[in-house]
Amino acid sequence: MPGITYPVNQFDITPFLMGSSLLLVLIVSVLAYFLIGKSEEYKELKASLAKIMNSFNELDEQAKLIVKTDLELNKAQGELDRRLLGLNTLQNLSRTISMTLDEQEIFQKINRDIATELGFSHFLVLTYEENSALRTRINIGFDTAMAEHIQSELCLDAEFLGALKNGTTFSSLNASQKAKARIVQLFENEHFILSPLLTQRGVGGILFIGNRYNAPEVTQGDEELITILAGQLAQSLENSQLFEQVYRSTQMLETKVAERTKELSQALKDVEDISKKKSEFISAVSHELRTPLTSIKGYASLLMTGKIGAIPDAVKERLHKINIHSDNLVKLINDLLDISRIESGRVEMKATPQIIRPMLDTIADLLTPQLKEKGVTLRLNIPSEMPVIEYDTTQMDRVFINLVSNAIKFTPSGGAITVNAHPNLARQEAVFDVADTGIGIKKEDLIRVFDEFYRVDNEINMKVKGTGLGLALAKNIVEAHDGRMWVTSDVGQGTTFHFTLPFQHKQHKTNPATGAV
Ligand code: ADP
């Protein structure tokens, strides 16, 4: 290849070389400068990269944290939802069982759906019977044989039952290793809550709720929820038992009351029958006695007149006694007849409006000789505003005479008798008292003085003859006027007979419907 030849003398290359060198130096310098600059930039870039990496790592950490927090939040939300559902179920259940007073119905309200809503697959309720044996009342999730096994095993586990009786709630969350192992082995549920049903009278039973394996852990919230449910269940069971007891007692009481009422009405009927027979008997006997007695009295009187023939004085005296005794007998028979007639309602009270004062004045006059003889005073204390009262004068006359005569009989000389009267406007009746300062009547005799033929065993009665019929008759007459009679007395101080008389006699009362009399 032909070489290029340059004429030496034509071109001096020195300046060219120098220029080239300079250019080279310049380029190198520029390059060096550029490279140095790039290296700085690279360093900066590296630093930035490191920073970015750092930030990226931090962001990554934060992202992980956020994901973790999100997961936890989701879990918490799930737990919250579960608790909310549980609370809702518990609230509804509480409301229904607290309104139920039938034990059987309470147990029927708790079913599989409720257990599921509470978040559990197994639910067992055992209650104590009267003989301390356990009885299965709710069984969800266990087969019958297993429930029976649990029941009999629990009955034998004194330590375990003792803890439940003390109110301990066992749960898979906080039970001791030993207790947990025992419960898991017995109930075959890994996650559980076992709570006593505590009542005022002690432990009424046991509530178990649980999940088998691969289920979420029991939480503190679950434990609280189930403890509340156990409390509510126990309370409702106690209420239903109390209600049952009250109901049973009421039933028993009602049966007893009905029985006693039947017995009493039968007894009353018997008494009425006997009383009727007694009245009929007295009435018949009195009638039978009255006729021959009248004859005896008539013949005695005839003999005494001496018309049949002269009679010696001694015989006359005996005849006189026959007469007196006959009179007494006639009085007794008449009283007896009156009592039986009034009791059987055969005597009608001929009530007419009366002013009481004149009648009492007449009685006081009539009894003056006896009062004087005995040395006893009689005072009539009748207010002027005493209203008109409707009564049968003949019959009320007998009442007052009888009461005042008795008062004279049983009051020693120097004593006083007072007849008091006052109106009771609220009850539309007059109230009378016949009070004396006599010997009085002992408490045990007080209730019997109105009985027919009853006479207190005392000195006066031994001396003075009487029939024991006067008070019975007086009380009958007052009651036939729709009044009441009773007695109060202090031995040695005196006796007061009280009685009431309605202002208007029943047969004369105004008819409220028509206003007619
Ligand atoms: P009698 O007077 O004929 O015995 P009553 O029926 O009138 O019968 O009285 C019954 C009994 O009540 C009397 O025997 C008497 O023992 C008692 N008694 C009645 N009134 C009084 C009185 N004012 N004070 C004390 N005892 C009385």
Side-chain angles (χ1 to χ4, degrees), residues 1-91 115-122 169-181 183-184 188-193 209-228:
M1 189 171 99
I4 300 167
T5 50
Y6 301 98
V8 177
N9 39 357
Q10 273 181 335
F11 294 101
D12 186 5
I13 63 160
T14 309
F16 175 74
L17 281 175
M18 278 177 70
S20 299
S21 299
L22 266 170
L23 188 67
L24 196 68
V25 169
L26 191 70
I27 288 168
V28 168
S29 299
V30 169
L31 260 175
Y33 178 75
F34 180 75
L35 278 176
I36 288 165
K38 280 287 168 203
S39 157
E40 283 299 311
E41 228 173 77
Y42 174 73
K43 269 186 195 161
E44 274 173 22
L45 272 174
K46 208 175 162 191
S48 298
L49 193 69
K51 264 188 195 167
I52 286 167
M53 283 306 286
N54 252 354
S55 301
F56 180 75
N57 283 341
E58 273 172 19
L59 274 174
D60 189 43
E61 282 300 311
Q62 277 174 9
K64 277 183 190 159
L65 205 67
I66 286 167
V67 170
K68 199 178 154 207
T69 314
D70 190 45
L71 278 175
E72 276 170 8
L73 268 174
N74 275 344
K75 206 176 148 200
Q77 180 69 47
E79 166 71 4
L80 215 63
D81 286 347
R82 218 157 59 86
R83 282 196 70 184
L84 214 61
L85 181 67
L87 274 172
N88 206 20
T89 310
L90 186 69
Q91 194 196 21
T116 312
E117 279 170 27
L118 289 170
F120 294 89
S121 58
H122 289 69
T169 291
F170 295 89
S171 80
S172 46
L173 184 71
N174 51 23
S176 70
Q177 278 300 317
K178 191 182 158 207
K180 195 171 167 179
I183 294 168
V184 172
E188 294 181 4
N189 274 249
E190 196 187 345
H191 311 286
F192 64 83
I193 298 159
I209 195 155
N211 279 323
R212 290 231 152 123
Y213 316 93
N214 302 328
E217 289 280 351
V218 161
T219 64
Q220 193 67 38
D222 290 330
E223 199 181 307
E224 282 163 16
L225 211 72
I226 300 309
T227 312
I228 293 170

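All values reported here derive from a predicted model rather than from experimental measurement. Side-chain atoms are counted along with the backbone in the values below, which use heavy atoms only and exclude waters and symmetry mates.
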Which residues share a side-chain hydrogen bond (donor to acceptor under 3.5 Å, both in side chains) with Glu44, sequence neighbours left out: none
Less than 4.5 Å apart, any side-chain heavy atom of [X] and any of [Y]?
| X | Y | result |
| --- | --- | --- |
| Leu35 | Tyr42 | no |
| Phe120 | Asp222 | yes |
| Gln220 | Leu173 | yes |

What distance do [X] atom [atom1] and [Y] atom [atom2] have between them, rounded to the nearest 0.5 Å?
| X | Y | atom1 | atom2 | value |
| --- | --- | --- | --- | --- |
| Ile228 | Leu87 | CD1 | CG | 7.0 Å |
| Ile209 | His122 | CD1 | NE2 | 11.0 Å |
| Leu73 | Leu80 | CG | CG | 10.5 Å |
| Asn189 | Ser172 | CG | OG | 9.5 Å |
| Ile36 | Ser39 | CD1 | OG | 8.0 Å |
| Asp60 | Asn54 | CG | CG | 12.0 Å |

Taking all non-hydrogen atoms of both residues into account, name the closest pair between [X] and [Y] and its distance.
| X | Y | answer |
| --- | --- | --- |
| Thr89 | Glu117 | OG1-OE1, 3.0 Å |
| Phe192 | Val218 | N-CG2, 3.7 Å |
| Glu223 | Asn174 | OE1-ND2, 3.0 Å |
| Ser171 | Ile193 | CB-CG1, 4.0 Å |

Will you find, in the side chains of Glu61 and Asn57, an N or O donor that is under 3.5 Å from an N or O acceptor? no
Counting only N and O atoms by type, is there a donor-acceptor contact under 3.5 Å from the side chain of Thr69 to the main-chain atoms of Leu65? yes
His191 side-chain N/O to Ala215 backbone N/O, donor-acceptor pair under 3.5 Å: yes
Can a salt bridge be assigned to the pair Glu72 and Lys75 using a cut-off of 4.0 Å between side-chain N and carboxylate O? no
